[in-house]
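Step one of this worksheet: look at the structure below.
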There are 2 protein chains.
Amino acid sequence: MARKRSDDKRRRILQAAVKVFARKGYFAARVAEIAQRAGVADGTIYLYFRGKEDILVSLFDELMAEHVERARQQMQAVEDAPSRLRLIAEHHLRALGADRDLAVVFQVELRQSTKFMERFTASWLGRYFDLVGSVIEQGQREGTLRADVPRKLVTKAFFGTLDELVTSWVIGRKDYDLALLAGPAVDLLLRGAAAAGASASGRAVLSVATGRGGR
Amino acid sequence: MARKRSDDKRRRILQAAVKVFARKGYFAARVAEIAQRAGVADGTIYLYFRGKEDILVSLFDELMAEHVERARQQMQAVEDAPSRLRLIAEHHLRALGADRDLAVVFQVELRQSTKFMERFTASWLGRYFDLVGSVIEQGQREGTLRADVPRKLVTKAFFGTLDELVTSWVIGRKDYDLALLAGPAVDLLLRGAAAAGASASGRAVLSVATGRGGR
DNA sequence: ATCGACAATGAATCGAGATTCAGTAATCCC
DNA sequence: GGGATTACTGAATCTCGATTCATTGTCGAT
C-alpha cells in the first residue's frame, strides 16, 4: 500500500499517542488504541518506534528540542533580563495552554517514574534550566536582579511557579487563558509578595525561621 | 498465627510499599515484593488493602492528613503572615527532606495519572492550598503582603517553588539539607528577585510582555 | 507485465503479575 | 481440651495487552 515510510504516518502516530496518553495515562494507554486512532495497524507502530516507551520518549525529545529553541529565539527580542524572563514565561504558558492534551502529557505522563524524570532532566529540562539560569545571571550582572539570591534558587522558583500554574490549569477543568498569567507571575517573582512598607518581613522573619521551628 | 489484624502489620506493609514504589515506580512495583519486604504473604496484603492501587491511595491519605494538620499547628507559633509562610515552608521541606523514598513517592509516584492527581487535589492538596491561601489573605488584610496580587497566584507560586525544590532534590543525587532552603525561598517570594534600584522592571517590562510576544 | 523490494497488516503468541481461595495455624472461649 | 473463629499463607489461576512475524499489497524499474 505504500512505498516509502511516510513522515506523515509517523506524525499521525505521535499525535494519536498524545491524545491516548492524555486521556488514559501512559500505562493504561493501549498501543492498539493509538494505532486505531492513527489509522494504522498495530504492527505498523513497530516500524516507526521501538515500542510503547519509545513513543513517549520521542514525543518528548522532538517537541522539546523545538520548544526550547523557540524560547531562546523569542527572548532575543528584548534586552534586559526581566523582560526576557517575561517572554520566556509567556512562551512557556502559551505553548502548553494551547493544547490541553499535550499539557497533560508534559505535566503528568512524562513524570511517571524517576527513570523518565532523570532522562528528562538530563536532556531538555537541563537545557531549559540553563537558558533561564543564564538570563538570571545576566540580570545579576547588569544590575536588574538582586545578586544576593542564589541563581539556582531563582531558576527553580521561576520554573516551579510556571509549572504549578500549568498543572493547576490542567487539573482544574476551567479553561481560562493560561498565557495571561505570565505577566502577573513574573511581576510577582520580580517584585515579591511583601507589601512595600512592611520592611519588617525581610529580616525579622528570617530570624524566626532560622532560629528553630519546633519539633 | 494471629488473632487480631494488627495495625503493626498494616504499617509494615505501607512502609514496605514506600520503599518499593520509590525504587521501582508504582507500575513496575510488584505486590509480591512489597509483601516480601513487609514480611507477610502475598495474600495478606489483600486482607488490609483492596489492591495495589489502594495501597498508594491509603499511603497518601494517611500521611497527608497528619502532615497538613501539623503544618497548621506549627504555624500558630507565630503571628504575622510572612513568618507563618516561612514556618510552613520549613515544615514542608523538612518533612520531605527527611526521607528520600517518601519524597520520591510524593513527588513522582503519586502523580501517575490525572485520575490520581484529581483525587489528590480534591483532598489534601486542596486543604493545603486553603491553608496557605488563608495565610496569604491574612497578610493582605494585615498589610504585610501586597494586596494587588491575586491570592491564588501567590499560593501557586509558593507551592510551585517548594515543589520544584523538592523535585530537584529528589532527582539530583546530591544530598544537601533541603530545609535550609526554606529561608531563602520565602525571602525570594516576599522580596522578589528584582534589584532594589531597578524600578524599571515593574512597569516597563509589563508593557513589553502584554503588548504582544511574537508568533 | 513481471519481478524484487519493502511497507503494512493483524491474528496469534507469550509472558507477566495481580488477585483468588482452599488449606493451615493461631487464638479465644467454654 | 476442643470447637469455633478468624488471620494468614502461597501456589494456581486468569486476564490482558505488548510484541512478533507470516502473509499481503503496492510501487518502481526494466
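Sequence lines set the chain letters: A, B, ... in the order given, protein chains first and strands last, and positions in each chain run from 1.
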Notebook entry, point to check: Can you find a side-chain donor-acceptor pair between Gln138(B) and Arg84(B) that sits under 3.5 Å?
Noted result: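 Judged by distance alone, the side chains do pair up.
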Note to self: What I want to check is whether the side chains of Ser83(A) and Asp80(A) have a donor and an acceptor closer together than 3.5 Å.
What the structure shows: yes
Check: Is there a residue in residues 18-25 of chain B whose heavy atoms reach under 4.0 Å of DNA chain D, and which residues are they?
Finding: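 Contacting residues: none.
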Margin query: Could you walk me through whether Tyr46(B) and Val31(B) satisfy the side chain to side chain contact (heavy atoms under 4.5 Å, CB included) test, starting with their C-alpha distance in whole Å, then the side-chain angles of each, then the deciding distance to 0.1 Å, before giving a yes or no?
Written below: CA-CA 10 Å; Tyr46(B) 294 85; Val31(B) 172; 4.0 Å; yes
Notebook entry, point to check: Are any of the side-chain nitrogens in Glu62(B) or Arg10(B) under 4.0 Å away from the carboxylate oxygens of its partner?
Noted result: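 Yes, Glu62(B) and Arg10(B) are salt-bridged.
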Could you state the [atom1]-[atom2] distance from [X] to [N], rounded to the nearest angstrom?
| X | N | atom1 | atom2 | result |
| --- | --- | --- | --- | --- |
| Lys9(B) | dT9(D) | NZ | C1' | 10 Å |
| Ile34(B) | dT19(C) | CD1 | P | 11 Å |
| Arg10(A) | dA8(C) | CZ | C1' | 17 Å |
| Tyr48(B) | dT9(D) | OH | C1' | 13 Å |
| Gln36(B) | dA18(C) | CD | P | 13 Å |
| Ile55(B) | dA18(C) | CD1 | C1' | 11 Å |
| Leu47(A) | dG10(C) | CG | C1' | 12 Å |
| Ile45(B) | dT19(C) | CD1 | P | 10 Å |

State, yes or no, whether a side-chain contact exists between [X] and [Y] at a heavy-atom distance under 4.5 Å.
| X | Y | result |
| --- | --- | --- |
| Phe120(B) | Ile171(A) | no |
| Tyr176(A) | Leu181(A) | yes |
| Leu59(B) | Phe21(B) | yes |

Note to self: So if I define the base as every atom that isn't primed, P, OP1 or OP2, how would nucleotides 17-23 of chain D read as a B/S/- string at a heavy-atom cutoff under 4.0 Å?
What the structure shows: SSBB---
Check: Within 45° of the axis and under 6.0 Å from the centre of the six-membered ring of Tyr26(A), does NZ or CZ of Lys52(A) qualify?
Finding: yes
Check: Which residue pairs pass the side-chain hydrogen bond (donor to acceptor under 3.5 Å, both in side chains) test when at least one of the two sits in residues 121-136 of chain A, sequence neighbours left out?
Finding: His92(A)-Tyr128(A)
